[in-house]
*Asks:* 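Attaching a single structure in structure tokens format; questions to follow.
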Amino acid sequence: MKGLGLIVFLFFCVQLEAQETRGSKIIFHSQNSFGLIEGENGSSVSVGSVNGVGYGGWFAGIGGAIDHYLFRTFPVYFHLQKEWSIKLPLFAYASAGQNGPWVKQTVSIYNDGYKSKFYPGRYYEGGIGYRFPMKKTSLLFSLAYEEKNLREKQREQVFCLMPPCPDFYRTFEHRMQTLVLKARVRL
Amino acid sequence: MKKLLSPVAFSAFVLLLLVSGCVKDECKSSYKIYVPVYRSVLDIRASIQSGVARALQYTGKIYLYGNYVFVNEIDKGVHVINNANPSAPQNVSFINIPGNVDIAVKDGHLYADSYADLVVLDISNPLNVRTEKITPHVFPSYKYSPDSATVLVDYIEKDTVVNCETYRGWNNCYQCRYISATGVTFSLANAPATGQGGSMARFTIVNDYLYAIAANGIHTFTISTGNNPQEVSYKSLPWNIETIYPFNNNLFIGSSTGMFIYSLSNPASPSQLSQFSHMTACDPVIADGQNAFVTLRTGNACQGTTNELDVLNISNLSSPSLLKIYSMGNPRGLAKDGDLLFICDGSKGLKVYNASDPLNLQLLKTITSIEPTDVILKNKTAIVVAADGLYQFDYSDQNNIRQVSRVAIVR
């Protein structure tokens with residue numbers, strides 16, 4: 001719940017001063033986000049950025065983020081966003097890409113025979129939000145479903161009396177499903 | 001817009017809290033379970049025979065005898081590698097010995113364990129080995145059924161997927177998870193009388209005696225008659241004896257709690273000269289005239305907490321003393337030729353030191369591309385058994401140690 005205060009602050013204290021007009025030309029945008037992640041195994045915060053181009057009500061870009069929900073990971077993804085209308089700037093978006101592990105390998109502090117290696121998995125996010133236009137920027141709030149996958153291969157040196165001892169391997173497929181509340185500044 | 005912001009934000013936040021309980025994390029664990037297969041002891045003894053060469057899979061101990069390298073396939077038998085040309089070793093046959101882990105060779109007789117039995121084979125023709133004698137139930141084994149009529153010989157692999165919580169609830173059940181994990185005839189006529197084992201060996205031959213260590217003792221057999229070993233003594237030792245290394249009419253025995261030196265002044269009944277205690281860890285040991293080199297490592301099989309090389313002063317065999325400790329990665333077998341010390345440092349690779357000054361070992365080379373287990377040095381060739389194959393390195397020029405061959409493991 002670390003980001004809760006900041007999220008609430010952003011929601012209730014932002015000063016909205018002017019409307020942004022939507023042009024028909026291609027414009028570069030950068031959306032920088034701060035999010036609160038809630039899931040079965042607790043909560044975390046995430047920070048990220050999507051950079052791309054907007055045209056009409058569409059926005060498409062390449063993004064990346066980092067969070068520490070269960071594992072510290074950094075998704076890299078393609079992002080597509082569609083806004084309904086200028087008068088009612090509701091939008092929906094979807095992201096898909098790869099979720100990479102921040103730490104590639106871990107060892108047990110209790111047993112040097114335990115090693116885990118982490119490998120990237122798929123990443124999805126989809127949600128809806130609302131854009132609050134400001135003078136030169138926009139502030140976007142969204143609620144989304146997020147799925148991050150991560151593969152862990154664990155190697156354990158098996159106890160035996162007569163070395164060399166064969167190793168034991170197992171694979172964990174971690175699938176983390178969460179809800180994400182994001183506040184983004186669009187530049 | 002300001003009016004809209006507060007209710008939207010509040011609603012989104014409430015929705016997040018309300019709905020977050022509906023999404024669940026998942027974790028699936030995939031691994032193999034092993035269904036035990038039992039076989040009658042009589043069938044096992046009848047199946048000991050040689051056959052065509054097989055690819056190396058789960059290699060264990062290595063043993064050098066003349067131009068041939070014997071590579072143990074854990075619990076399966078022995079690969080026979082014709083190593084007359086180290087640059088092109090030939091995998092020529094496989095001797096099926098169920099339950100085999102250790103071997104030793106003398107005068108054309110191969111001594112091997114087969115679960116609890118001691119087997120003597122005539123290997124003068126490795127393509128047609130002949131069982132000369134089986135001494136039953138020398139080495140107690142947990143793999144036997146209570147009536148000793150059957151023995152656990154294998155496991156059938158089954159891929160299994162469970163959720164992670166179920167798997168972790170099984171509490172690391174040992175037996176549930178144990179992985180036992182062209183014919184070319186040749187002659188051994190010119191081979192030396194006795195072969196050479198690695199530092200991880202549990203069998204060794206000195207003159208007319210075969211010394212075989214069990215988990216908590218040394219069996220001594222007289223093999224003066226070659227094909228008819230007779231046990232002449234058994235010495236109890238503390239639990240978890242691991243390796244045995246002969247040097248200068250002494251036996252250096254590595255256990256998880258220390259190194260023992262036994263005198264062979266009476267070879268039929270080794271007598272303890274001294275003991276050097278160390279922290280609990282696996283510890284192969286070798287020696288030269290003045291020093292013993294002991295590697296300690298961690299891991300499930302060892303239960304240790306340290307990875308190091310201990311250099312001991314053994315000028316007085318009755319009172320070995322620690323000279324220096326060198327930090328290591330996860331060291332296993334080791335060997336020494338003159339001033340060159342080879343250490344199999346697990347995932348850190350094969351390390352070669354100049355050991356002319358044991359108090360100041362100089363690292364000459366690290367071969368990081370392999371994960372070695374044990375090494376034998378002979379004729380300036382290092383024969384290394386590693387996780388992915390049997391390697392040979394030419395170290396005639398210590399500044400240019402180079403790989404000359406590899407017999408790959410196929411899994």
Side-chain angles (χ1 to χ4, degrees), chain A residues 4 7-8 10-12 14-17 19 36-41 43 69-70 89 110-115 128-130 132-133 139 141-143 145-149 152 154 156-181 183, chain B residues 1-2 4-6 8-10 12-13 15-17 19-32 58-61 74 101-102 161 164 167 172 174 177-181 200 202 215 240 242-243 282 284 297-305 307 330 332-333 347 373-374 385 387:
Chain A
L4 181 59
I7 292 286
V8 173
L10 284 169
F11 267 106
F12 292 99
V14 66
Q15 295 296 310
L16 304 176
E17 296 180 3
Q19 296 280 339
L36 172 64
I37 298 174
E38 281 289 336
E40 184 186 14
N41 283 289
S43 58
Y69 179 80
L70 271 183
Y110 302 107
N111 186 342
D112 197 39
Y114 253 112
K115 285 181 183 172
I128 55 172
Y130 196 89
F132 295 95
L139 194 62
F141 292 96
S142 62
L143 183 61
Y145 163 81
E146 181 186 65
E147 179 185 320
K148 293 182 298 178
N149 292 276
E152 176 185 0
Q154 204 172 71
E156 180 187 356
Q157 292 174 326
V158 181
F159 175 83
C160 70
L161 288 175
M162 290 177 278
C165 304
D167 294 335
F168 180 75
Y169 294 89
R170 56 182 169 268
T171 303
F172 296 102
E173 301 282 354
H174 300 284
R175 183 184 180 210
M176 295 159 278
Q177 300 181 98
T178 56
L179 293 179
V180 188
L181 189 58
Chain B
M1 195 63 68
K2 281 183 182 177
L4 188 58
L5 179 58
S6 294
V8 167
F10 182 74
F13 184 68
L15 194 60
L16 174 76
L17 295 179
V19 186
S20 63
C22 298
V23 290
K24 302 289 183 188
D25 295 329
E26 292 179 5
C27 177
K28 297 290 184 188
S29 175
S30 58
Y31 60 97
K32 296 180 187 299
Y58 294 98
T59 53
K61 311 292 177 63
I74 296 173
V101 177
D102 277 280
V161 178
C164 299
Y167 176 76
N172 299 332
Y174 165 49
R177 302 183 300 135
Y178 185 84
I179 306 173
S180 285
M200 307 284 278
R202 298 168 67 88
N240 238 0
E242 296 157 346
T243 61
C282 288
R297 75 175 187 277
T298 60
N300 273 19
C302 314
Q303 304 169 3
T305 56
N307 290 290
N330 192 227
R332 294 140 198 253
S347 59
T373 302
D374 204 1
V385 63

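On a predicted model such as this, the values are computed, not experimentally measured, just so you know. What you see below is based on every heavy atom in this structure, not just the backbone, and it leaves out hydrogens, waters and symmetry mates. Each chain gets a letter, A, B and so on, in the order the sequences are listed, and its residues count up from 1.
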*Asks:* Under 4.5 Å heavy-atom distance to chain B, tell me which part of A:L70 shows up: side chain, backbone, both or neither.
*Replies:*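 For A:L70, the side chain is the part near chain B, not the backbone.
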*Asks:* Got a second to check how far B:C27's SG is from A:H174's NE2, nearest 0.5 Å?
*Replies:*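 Interatomic distance, B:C27 SG to A:H174 NE2, rounded to 0.5 Å: 4.5 Å.
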*Asks:* Holding to side-chain hydrogen bond (donor to acceptor under 3.5 Å, both in side chains), I want the full list of residues that pass it with A:N149, two or more places apart in sequence or in another chain.
*Replies:*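 By the side-chain hydrogen bond (donor to acceptor under 3.5 Å, both in side chains) rule, A:N149 matches A:E147.
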*Asks:* Might you point out which heavy atoms bring B:D25 and A:M176 nearest each other, and give the distance in Å?
*Replies:*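 Nearest pair, atom of B:D25 first, then A:M176: OD1-CA, 3.3 Å.
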*Asks:* Under the side-chain contact (heavy atoms from CB on, under 4.5 Å) rule, collect the residues that match up with B:S347, sequence neighbours excluded.
*Replies:*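 Here the qualifying residues are A:K115, B:E371.
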*Asks:* Within this structure, what is the CD-CD distance for the pair A:E173 and B:E26, rounded to the nearest 0.5 Å?
*Replies:*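 It is 11.5 Å, given to the nearest 0.5 Å.
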*Asks:* Output yes when a side-chain donor or acceptor of A:Q177 lies under 3.5 Å from a complementary backbone atom of B:K24, and no otherwise.
*Replies:*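 Answer holds: yes.
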